[in-house]
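FYI, side chains are in, hydrogens and waters are out, and symmetry mates aren't considered; it's all heavy atoms of this structure. Quick note on labels: first sequence line is chain A, next is B, and so on, each numbered from 1. Keep in mind the model is a prediction, meaning the values are calculated, not measured.
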Amino acid sequence: MALPLIRERRQFLSGLVFAIIGLAAFLQAQQFEMGTLTQMGAGYYPACLGAALFAIGVALVAHSVLAGAVVAIGHVALRDMVFLLSGVVAFALLIERTGLAEAVCALVVFGCYNRIAKRPIEVLVICAILAAATVGLFIFALGIPVAIY
Amino acid sequence: MGIIEHLSFGFSVAMSPMNLLYCLAGATLGTVVGIIPGLSPVTVIAMLLPITFKIPALSSLIMLSGIYYGAHHAGATTAIMLNMPGEPSSVVICFDGHPMARLGRAGAALCTSAISSFFAGCVAVIVIALFSPVLAQAALSFQAPEYTATIVLALVAVSVLSSRSLLTTIAMAVLGLLLGTVGTDVNSGAMRFTFGFLRLSEGVEFVAVAVGMFAFAEIISHLKDADQRRAVSAKVEGLIPTKADMKASWKPILRGTALGSLLGILPGTGPLLSSFASYALEKRISKHPEQFGEGAIEGVAGPEAANNAAALTHFIPMLTLGVPAGATMALMLGAMLIQGIAPGPQVLTQHPDLFWGLVASMWIGNMMLLVLNLPLIGIWIRLLNIPYRLLYPTILVFCCVGVYSVANSAFDVLLAAAFGGFGYIMRRLDCNGAPLVLGLVLGPVLEENLRRSLLLSRGDLTVFVTRPISLVLLLLAVGVVVSFSLPALRKATESRG
């Protein structure tokens, strides 16, 4: 693949993530009052953390380029991740609009995306049981203020 | 009051019917969590945190800690029967426990592990009762610089010990600290990193981050194996160990208990490292080291005792200093905070019922676990037949509803989804989530103490090295880093040369 220079790929990418977040935090923190070491303002401590994170990220990137062993990134289950997290997002969007039961069903259907065609009845039964259980526990027993359906 | 009065007071609190019930619930749930692989105590505690806010503080802590030590107790069962750790720190039990099962001695291995867990648990409860008041007393004299140094030590130790790469885990801890700055600055009232979201003005919801980083990321990692079935023979015969077994295992149990109690107190080490250390120790001093890996009972008794002793003494820094020693303890601290209990050395004097009740409940819980584990072992082994594909939708749903119910906020659920994706990707990049969660919990405390220290010293940074306790703590942090990075350095140069 591309990037023949980089030997430790995982370290390279994580370093990049840290460096970017660190830099962004450092720059963002400039908007807040800095103050002095004695009388720190709101921005002093986050700016220091951002700078530290940036420095570590850069060090990781540098080390990954020079590292001895070649380490590739293992299998990333991108499809599993996208479907599962879409389910969570759907839950968040539905819970206040339609109600708990629909939100739970949407979450389960997304979460079981790889079996819904193979075992539709099983997924439906899981939906029904979990919707009933959460309605019973969270709405009737704990009293969270959302609609049932 | 002496220790006897303290403990009997604790028992009187913990023996109330409601607390006994929560203790039993925690121990039972912990056993289930420990036995089923892919269900770790951190995930389940993160999932249950929101529910526990609705029950009294002591009861919720009793239940959550029951899940934690119960899982450590029961994790060995899966390791013995399936050669697969039911809970991450029981991986050491696979080395000799499973060979014993293959030799037809599963019963003896299960019984030995249950007895050593119970013994270690009893000793560790006494260690907590004896040691905590001393530590809390010493900590009462701590001022801002000492607290700053303690937090730095905890963060450094957890980072160093939770992964091979020191830099990546320190970066995760710093990122956690940075997340801790989100929200209203207490000193000036300025809004930091809220990006216009009203919900972020009180800070990033810790439950959402924990559920995302631990529960969601874990489910995504395991999803590809969801259809796998595990073949387990549910038959266990001969639970009673032979006389020779007893003779071979009582010394490893004592040594493992001592080692685990000691290592558990130090931040970062915890149960996993303790059981590895005990295994290495038993192998080194054994007269027949060649039997290790082939089903040596010492290799089950010692590590299992160390594992459980450490799981309990792990509570000491969290309860006495308010500085959690690992990810699960960070979640416990979060549970205390939301119950309105300010953690720190004053917990012992201001909430003695909470502290001593919890300690006494640990002993009761261990007693319950012994009963749950030995006669009922057949039922628990049958649990291994539940496929993960039926299990994970339940975890997913309870996590989502739980996160929502903390503050009735759909935003928090979205936040958890974001951290789930981030946590999974970072896992694939070999970055551990534990330092981040610890950083998030300790971040605001660290900032406050840092700023106060420097205000008192008029901006003089040497305040941290001129005060003796703070100096010792910082030297310890440096020592941890040096001692753990040296072998890595050596290995790196070796692999290149």
- Message: Any salt bridge linking Glu102(A) with Arg97(A)? Criterion: basic side-chain nitrogen under 4.0 Å from a carboxylate oxygen.
- Response: no

- Message: Between Phe411(B) and Phe197(B) (judged by ring centroids, cut-off 6.0 Å), do the two rings come close enough to count as a pair?
- Response: yes

- Message: Which atoms of Tyr404(B) are under 4.5 Å from chain A, going by heavy atoms: the side chain, the backbone, both sets, or neither?
- Response: side chain

- Item | Set of side chain to side chain donor-acceptor pair (under 3.5 Å) partners for Ser14(A), sequence neighbours left out | none

- Item | Contacting region of Ser188(B) [heavy-atom separation from chain A under 4.5 Å] | side chain

- Item | Distance-only side-chain donor-acceptor flag, Glu448(B) / Tyr147(B), under 3.5 Å | no

- Best-contacting candidate, Ile144(A), Val108(A), Leu107(A), against chain B by heavy atom pairs under 4.5 angstrom: Leu107(A)

- Using non-hydrogen atoms and a 4.5 Å limit, figure out which bit of Glu122(A) sits close to chain B: side chain, backbone, both or neither. side chain

- chain A heavy atoms under 4.5 Å from Thr394(B): which part of the residue, side chain, backbone, both or neither? both

- Message: Any salt bridge linking Asp80(A) with Lys224(B)? Criterion: basic side-chain nitrogen under 4.0 Å from a carboxylate oxygen.
- Response: no

- Task: Side chain from CB out, backbone as N, CA, C, O: work out which of these in Met191(B) comes under 4.5 Å of a heavy atom of chain A, or both, or neither.
- Result: backbone

- With a 4.5 angstrom heavy-atom cut-off, which part of Phe195(B) approaches chain A: side chain, backbone, both or neither? side chain

- Message: Between Thr36(A) (side chain only) and Gln39(A) (backbone N and O only), is there a donor and an acceptor less than 3.5 Å apart?
- Response: yes

- Query: For the candidates Val82(A), Leu53(A), Val17(A), which exhibits the highest count of non-hydrogen atom pairs separated by less than 4.5 Å from chain B?
  - Reply: Leu53(A)

- Note on the structure: In terms of heavy-atom pairs under 4.5 Å with chain B, the winner among Gly111(A), Gly15(A), Ala52(A), Ala42(A) is Ala42(A)

- Query: ring pair (Phe, Tyr, Trp, His ring centres under 6.0 Å) with His222(B): which of Tyr424(B), Phe216(B), Tyr388(B)?
  - Reply: Tyr388(B)

- Task: Let me know if Ala417(B) has heavy atoms under 4.5 Å from chain A in its side chain, its backbone, both or neither.
- Result: both

- Comparing Ala190(B), Ser405(B), Cys399(B) against chain A, the one with the most heavy-atom pairs below 4.5 Å turns out to be Ser405(B)

